[in-house]
Amino acid sequence: MLSRIFAIIRREYLERVRTKAFWISTIIVPVFLGAMIIIPSWLAVRGGGTFNVAVLDLSGHFAQPVADEVSHMLSSDKEKLVINLKPIEPGPDPAATRERVKNAVQAQKYDGMLVLPATLPGSGQPEYLAPNVAAFKLLSVLERSVNNAVVAARLTGAGLDPSQVRELTKRVGLKTLKLGTKGEETRDQGQGFLLSYAFMLIIYMSVLMYGLYVMRGVLEEKTNRIVEVVIATVKPFELMLGKILGIGAVGLTQFLIWGIAMMVVTAPGAAAAVGLSGMQMPSFPPLLMIFFVVYFVLGFLLFGTLYAGIGAAFDTEQEAQNFQFVIMTPLIASLLLMVQVINQPDSALSVVLSLIPFFTPMLMFLRMTLVQVPALQLAASVILMVATILGAAWVVGKIYRVGILMHGSKPKMKDLVRWIREA
Amino acid sequence: MDPILDLEGLTKRFGDHLAVDNLSFTVPRGSVFGLLGPNGAGKTTTIRMIMRIILPDEGAALLDGRPVDDDRRRLIGYLPEERGLYRKMKVLEHLTFFGTTRGLPPKEAKKRASAWLERFELGDWATHKVEDLSKGMQQKVQFIGTILHRPQMLILDEPFSGLDPINTRELKDLLLEMRKEGVTVVLSTHVLPQVDELCDHICLINRARPILTGALADIRERFGGNTWLVKGSFNGDGIDALPGVSSVRPLEERLLVELEAGAPSRELLSALIERGDVETFTRFVPDLENIFIRAVEEDKAHAE
């Protein structure tokens, strides 16, 4: 019996590992996830280039202080952001002048215009008008400069010394330290969480993707009419098991490749070599790594089994698609429930949710990245999942046995129930 | 007779529809057994029940006197009516896969598969994907998969469907060859002339029920009865009035003369010789189609 299941596993595994799709997804997913983590932080700090900004100072006395603040701020800038401020005389008709400068911005003579209202330093809000308002660094420099200049004027007006006030109101900041299991303190500014979040998404996507492979595989055997040839010598349950295990092994192979790639990238010196010396590589505890694999395996076995049932019950992917939402719902729900778990990882609700087998692979993993989950809960989650998988395999095995030989009419819910009872 | 397969009252219902009704027959070891009947008669359901693809509502199939279970059915080489291959797999790998699911070690499976591919002149296709093969070639690959583990018994459901005359001939020859080696073959078909020369035992099924079972020679004898095929240059008028003759009808350029049961044929022959030259005088051997049509009619009359 084992040699036959192994023959099935081997076939499923080799057929998939040899496809281009496997290698493309193996390469693309980490690139995509890496980009998702790195690009926003990269965008936030980065922003070189030269900007010409017209300054329409209706108040008459803020253009210079703002310019001073800007040059002060840029003097320590590493990325050589250059902001050229061009003061514009408001003239007798400020509204007409604003319109004229606006047209000039439109004609790309300036990158943008800064309008300082006449009411400053009292009420009134300065405006920045530009075709591109996504130049984050430029905006941040302008905003802080205007802010500083106006606040300084207000302080002076109130008889206070701006530099003294600035010194006294300097931000204190909060140093975040993550307390490890052995009492070690590591500096963590959220990269650790971001990485865990990425890993949780990998569990989600992998369970979904490989689950769909199982469904497609079962459908292929049905439509190609090969299933009867195979189950004349292999029991339907053995075929189902072999298929699920073979496809699961493909997923684990993919993770192994990613794991090795990650070890190479995070090796000392490697980060510097690719120019990311500034980025601190987050730590990823071994326990989390182990449970990442455990929850992927359990999650895949659970959802893969359900997908096998759907594949067996229907004739075409279109028909199966309509039923697929039943499986997709818990997966998507766990994405939605994530917010609850992140905010209160130790609340009774979060504990219960993370113990529900359909949510466990994602929500329990998420909790593990946030807090120290008691070993008892981890054990309970694994036991509950294994029990659910066995139950699902028992039910789906029956649907599978009948369904793979059925062609033609689409089964209704009551047919499925009958198959389970009769098989 | 040494039976290899015994069917005892196999019955299967699908909802209100009775697909197979109390079917019993015995397949002698080393025979070629034809399970015959029109489409929808219940042949495939019967075969699927023997192979435990579906389970009978009543009755059992015994292989060597013991019920067919999951292990013992692997002793049978089974070619289902609905057959297919994994399109993306390479031919030799596919056959190796078939072999290993039937319990062969991978190396042995590969060796045997290569040998068979050579014999069927498919050696050059071993490393091609299945989807590159023509339909006829895919059928051959399928058949190789069925016999790879050298089963002592083959069950083939409509083995000739989709084959051209040359491939049909090739497969028939192979089946006869395997029979010489002692392999028992059970095959089903609705195209009766295809197996007329192949089967030595048959079971005719019509509307879920067996209407004729046994050795083909005996059945031919029974349906041929006391009927003679005559050719010659003699005056054919009034033959039907001769003593013992019950009917006369022309068949191509010959006459088909049916005698009453027990009436001696030599009286007919001497009567004919008196009338002229007789070229041939042979006992009429009905073909399967003929037998089948008459059996169905008899069955209908019996039912009424």
Side-chain angles (χ1 to χ4, degrees), chain A residues 1-22 213 216-239 241-243 246 315 398 400-409 411 414-415 418-419 422-423, chain B residues 13-15 44-45 47-48 50-55 57 68-90 93-106 109 129-131 138 141-146 148-149 151 154-157 162:
Chain A
M1 176 184 132
L2 277 178
S3 75
R4 286 191 305 277
I5 295 184
F6 186 74
I8 305 275
I9 292 175
R10 191 185 127 90
R11 198 202 77 77
E12 295 290 341
Y13 181 80
L14 288 181
E15 180 168 285
R16 285 182 171 76
V17 166
R18 284 178 189 166
T19 56
K20 283 196 199 84
F22 172 77
Y213 279 163
R216 290 214 186 98
V218 174
L219 280 168
E220 188 211 348
E221 281 169 355
K222 266 186 90 167
T223 49
N224 273 359
R225 312 277 155 141
I226 190 172
V227 67
E228 195 170 334
V229 181
V230 179
I231 61 165
T233 48
V234 181
K235 285 183 210 165
F237 191 75
E238 293 172 359
L239 175 62
L241 192 65
K243 180 172 281 293
D315 276 359
K398 291 176 171 231
Y400 186 86
R401 188 186 159 96
V402 181
I404 44 173
L405 292 170
M406 289 280 170
H407 291 288
S409 63
K414 71 168 202 275
D415 295 319
R418 205 187 67 227
W419 293 357
E422 286 179 4
Chain B
R13 284 177 208 88
F14 293 116
T44 295
T45 305
I47 287 177
R48 282 181 161 187
I50 299 172
M51 289 308 295
R52 294 177 61 79
I53 303 290
I54 54 176
L55 301 178
D57 295 334
V68 182
D69 59 19
D70 280 324
D71 284 320
R72 291 163 49 72
R73 68 178 180 160
R74 251 170 247 116
L75 303 171
I76 302 171
Y78 172 50
L79 183 71
E81 183 190 25
E82 299 204 332
R83 43 193 175 243
L85 299 164
Y86 292 107
R87 300 169 49 77
K88 299 280 175 199
M89 271 184 110
K90 288 174 182 163
E93 271 176 20
H94 204 311
L95 287 173
T96 309
F97 167 70
F98 273 156
T100 48
T101 59
R102 285 156 173 77
L104 292 180
K129 283 187 181 169
V130 168
E131 60 186 353
Q138 290 189 19
V141 171
Q142 193 91 56
F143 185 74
I144 295 173
T146 309
L148 211 53
H149 59 308
L154 291 178
I155 296 186
L156 314 172
D157 199 352

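What's counted below: heavy atoms across the whole structure, side chains too, no hydrogens, waters or symmetry copies. Labels below follow one simple rule: chain letters A, B, ... track the order of the sequence lines, proteins then strands, and each chain is numbered from 1.
Geometrically, B:R102 engages B:F98 in a cation-pi contact defined by less than 6.0 Å to the ring centre and at most 45° from the axis.
Per-residue counts of heavy-atom pairs under 4.5 Å with chain B were compared for A:G242, A:P236, A:A7; the largest is that of A:A7. Top candidate by heavy-atom pairs under 4.5 Å with chain A, chosen from B:H149, B:E81, B:E93, B:Q142, is B:E93. Per-residue heavy-atom pair counts under 4.5 Å with chain A were compared for B:R87, B:R52, B:K88, and the maximum is reached by B:R87.
In this structure, B:D57 contributes its side chain and B:R13 its backbone to a donor-acceptor pair below 3.5 Å. Between the A:N224 side chain and the A:I226 main chain, no donor and acceptor come within less than 3.5 Å of each other. Side chain of B:R83 to backbone of B:D157: a donor-acceptor contact under 3.5 angstrom is found. A donor-acceptor pair under 3.5 Å links the side-chain atoms of B:R74 to the main chain of A:T233, judged by distance alone.
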Mind running side chain to side chain contact (heavy atoms under 4.5 Å, CB included) on B:R48 and B:Y78 for me, showing each step along the way?
CA-CA 10 Å; B:R48 282 181 161 187; B:Y78 172 50; 4.0 Å; yes
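Heavy-atom distances place the side chain of B:L55, and not its backbone, under 4.5 Å from chain A. Using a 4.5 Å cut-off between heavy atoms, A:E228 touches chain B through backbone and side chain atoms alike. In this structure, no portion of A:L14 lies under 4.5 Å from any heavy atom of chain B. For a residue to count as touching a neighbouring chain, one of its non-hydrogen atoms must lie under 4.5 Å from one of that chain's; by this rule A:R18 touches chain B with the side chain only. Using a 4.5 Å cut-off between heavy atoms, B:H94 contacts chain A through its side chain alone, with no backbone atom that close. The contact between A:V230 and chain B is made entirely by side chain atoms (from C-beta outward), counting heavy-atom distances below 4.5 Å.
No hydrogens or angles considered: nothing links the side chains of A:E220 and B:Y86 as a donor-acceptor pair under 3.5 Å.
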